[in-house]
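Have a look at the structure below, then the notes.
Remember, it's a predicted structure, so these values are computed and weren't measured experimentally. In each ligand, atom 1 is the first atom listed, and ligand 1 is the first ligand listed. Heavy atoms only: backbone and side chains are in, while hydrogens, waters and symmetry mates are out.
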Amino acid sequence: MILHLEKNTDTARLKQLADFYEAITIIDEQKIVLITPSRFKNIEEAHQPFVKEVFVFDNDIQLASRKYLKDKRTVQIGQSNIGGTFRNVLVTIGPCSVESEEQITQSAEFVKNLGLSTLRAGSFKPRTSPYTFQGLGTKGLTLLDNIRQKYGLSIVTEVRDSSHVDEVIAFADVVQVGAKSMYDQGILRKCGKTHKPILLKRGFGTNLQEFVQAAEFILSGGNENVILCERGIRTFETKTRFTLDLCGAAYLKENTNLPVILDPSHAMGYAYGVPDLARACMAMDIEGLLIEVHPNPQMAQSDASQQLDHQQFETLFGTLKGIATAINRTII
Ligand code: PEP
Ligand code: MN
């Protein structure tokens, strides 16, 4: 259950209600919100005078549910917004990893010339092998900071673990929590304590319930700016890296109040399939696309096989614009 209490509820009463309903409390400027385990289905008669509104749920998808907020939440990224009544679609591109000043400058110039608003690049990389490139770490954030200042782009970059979570949250315009980190409660709870937008990627072995519950950790910490990203799940299929779950995307659109972004690059794993998938994703009328683009994919130090070069992305971009127009969305 979600309970909205009167803003002037006194502290002793608030504590009594929170204890009784085993609730998490969020206090914002307008209201006090208690979120109880979903097994609570009603409130005691004696508590009714203190409760303005009650929302009841079948399961622990609560703050993210359309049953709570019918309309999609708005998330502000730099000067732009996605979700809400905005018909924007965020196309966030860039290399998998920040690798050098030259590489990230070329990427930023490309993004800027296309008129896009964000550059996405990872500096703390959650790799599958400890023997491969792990990212430039703090040095990469410094390179990204220079780019942000020079080109005025918003930076999307990922947090891998607790060793640098505060640093990335303080630095990023959008904090990406990757597929392998989305179960890390330390990261999720810290993301709940900021108001920066969080791009939460679905784990490749995570069902939709678990995925949205991970978002609930952030929302129940008090951060309303959560974006869900489907990036492919592991199935029996081995010819492609993962399987992009577009049915899952349809479910998230219908049942959650969070903006949804699709990532065809990590799902496919091979550049040849990315343009077709990206067009299919855009046609799903979601809030964004995440596509890996590198000035020289063959030389990329991570995810080389799936990154588009600038020429390939430009060709794709022309067709994405047409689809965006057809579904009445503006690419940002
Ligand atoms: C990435 O975005 O570069 C990445 C590591 O993605 P994922 O967490 O989805 O594997
Ligand atoms: Mn990658």
Between Asp303 and Arg241, does any side-chain N to carboxylate O distance fall below 4.0 Å? yes

Any Lys/Arg nitrogen of Arg87 or Asp285 sitting under 4.0 Å from an Asp/Glu carboxylate oxygen of the other? yes

Examine distances only and state if a side-chain atom of Asn88 and a backbone atom of Asn81 form a donor-acceptor pair shorter than 3.5 Å. yes

How about the Mn ion (ligand 2), which protein N, O or S atoms come within less than 2.8 Å? Cys96 SG, His266 NE2, Glu292 OE2, Asp303 OD2

Ion pair check, Asp71 and Arg66, cut-off under 4.0 Å: no

Side-chain donor/acceptor pairs under 3.5 Å, residues 208-218, sequence neighbours excluded:
| residue | atom | partner | partner atom | Å |
| --- | --- | --- | --- | --- |
| Gln209 | NE2 | Asn59 | OD1 | 3.3 |
| Gln209 | NE2 | Gln213 | OE1 | 2.7 |
| Glu210 | OE1 | Tyr183 | OH | 3.2 |
| Glu210 | OE1 | Asn207 | N | 3.0 |
| Glu216 | OE1 | Leu63 | N | 3.1 |
| Glu216 | OE2 | Gln62 | N | 2.7 |
| Glu216 | OE2 | Leu63 | N | 3.0 |
| Glu216 | OE2 | Ala64 | N | 2.8 |

Collect the protein residues that have a non-hydrogen atom under 4.0 Å from ligand 1 and hand them over in chain and number order. Cys96, Arg120, Lys125, Glu158, Gln176, Gly178, Ala179, Lys201, Arg231, His266, Glu292

When you measure from the centre of the six-membered ring of Phe204, is the NZ or CZ of Arg234 under 6.0 Å away and within 45° of the axis? yes

Give a yes or no on whether the backbone of Glu99 and the side-chain of Gln103 come within a donor-acceptor separation of less than 3.5 Å. yes

Could Asp145 and Arg148 be called an ion pair, given the rule that one side-chain N must be under 4.0 Å from one carboxylate O? yes

Run the ring-ring contact (aromatic ring centres under 6.0 Å, His included) test against Tyr21 and tell me which residues pass, sequence neighbours left out. Phe40, His47

